[in-house]
Amino acid sequence: MMAQIIKKAMAAASGWFKISLGFAILSIPIDLLRGHPILNGLWHDWLVANTGLRWQLLGVVLVVAWLGLTLIFALGYGLAAWLKKQDKVKSSD
């Protein structure tokens, strides 16, 4: 049961990342049209950093964010499953 909840939470977290990436890609032309720095200057910071630091930072941010979202979704799905179980126990009494 717990493995199913974690698997479902991982899928939800990866879906959240896909949506966030889509919004980030859509914001680039809007930033260019408005004359703002692309992604609030993150693109420039990425270009001036050295290669090792770039990939380490990207890896750490993605892993921590994905694990955090997985934990949040797992807690939500676990709570929903527990509440459903409690409803069944109360209704059988």
Side-chain angles (χ1 to χ4, degrees):
M1 171 99 163
M2 192 61 177
Q4 291 173 344
I5 290 174
I6 292 175
K7 186 183 284 188
K8 190 175 178 182
M10 286 181 178
S14 66
W16 185 266
F17 271 115
K18 290 174 189 173
I19 292 170
S20 298
L21 183 62
F23 279 126
I25 290 171
L26 288 175
S27 73
I28 291 173
I30 295 170
D31 287 342
L32 289 173
L33 288 173
R34 293 174 61 201
H36 291 249
I38 297 174
L39 299 174
N40 290 330
L42 290 174
W43 180 251
H44 180 276
D45 294 344
W46 177 265
L47 291 176
V48 298
N50 64 19
T51 306
L53 181 63
R54 284 183 205 160
W55 296 112
Q56 288 174 1
L57 181 63
L58 182 64
V60 167
V61 167
L62 287 177
V63 168
V64 168
W66 185 62
L67 288 175
L69 281 173
T70 300
L71 178 65
I72 290 168
F73 282 118
L75 288 173
Y77 292 141
L79 180 62
W82 181 76
L83 288 172
K84 187 184 291 185
K85 185 178 170 183
Q86 293 299 317
D87 285 343
K88 287 181 183 178
V89 169
K90 296 262 182 179
S91 63
S92 66
D93 286 341

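These numbers come from the heavy atoms of this one structure, side chains and all, not from hydrogens, waters or symmetry mates.
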Residue Gln86 excluded, over 12 heavy atoms near CD under 6.0 Å: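 Correct, the count exceeds 12.
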
To the nearest 0.5 Å, tell me how far Lys7 NZ sits from Gln4 CD. 8.0 Å

Distance (rounded to the nearest 0.5 Å) between Leu83 CG and Lys88 NZ: 12.5 Å

Given the rule that I, L, V, M, F, W and Y join up when any side-chain heavy atoms are under 4.5 Å apart, are Trp55 and Phe17 in one cluster?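 As far as the 4.5 Å side-chain criterion goes, Phe17 and Trp55 are connected within one cluster.
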
Looking at Leu47, is its backbone amide N or carbonyl O close enough to the side chain of Arg54 to form a donor-acceptor pair, meaning the two atoms are under 3.5 Å apart? yes

Without placing hydrogens or testing angles, list every side-chain donor-acceptor pair under 3.5 Å for residues 22-34, not counting sequence neighbours.
residue	atom	partner	partner atom	Å
Ser27	OG	Ala24	O	2.8
Asp31	OD2	Leu39	N	3.1

Scan the side chains in residues 57-77 for donor-acceptor partners under 3.5 Å anywhere in the protein, sequence neighbours excluded, and list what turns up.
residue	atom	partner	partner atom	Å
Thr70	OG1	Trp66	O	2.7

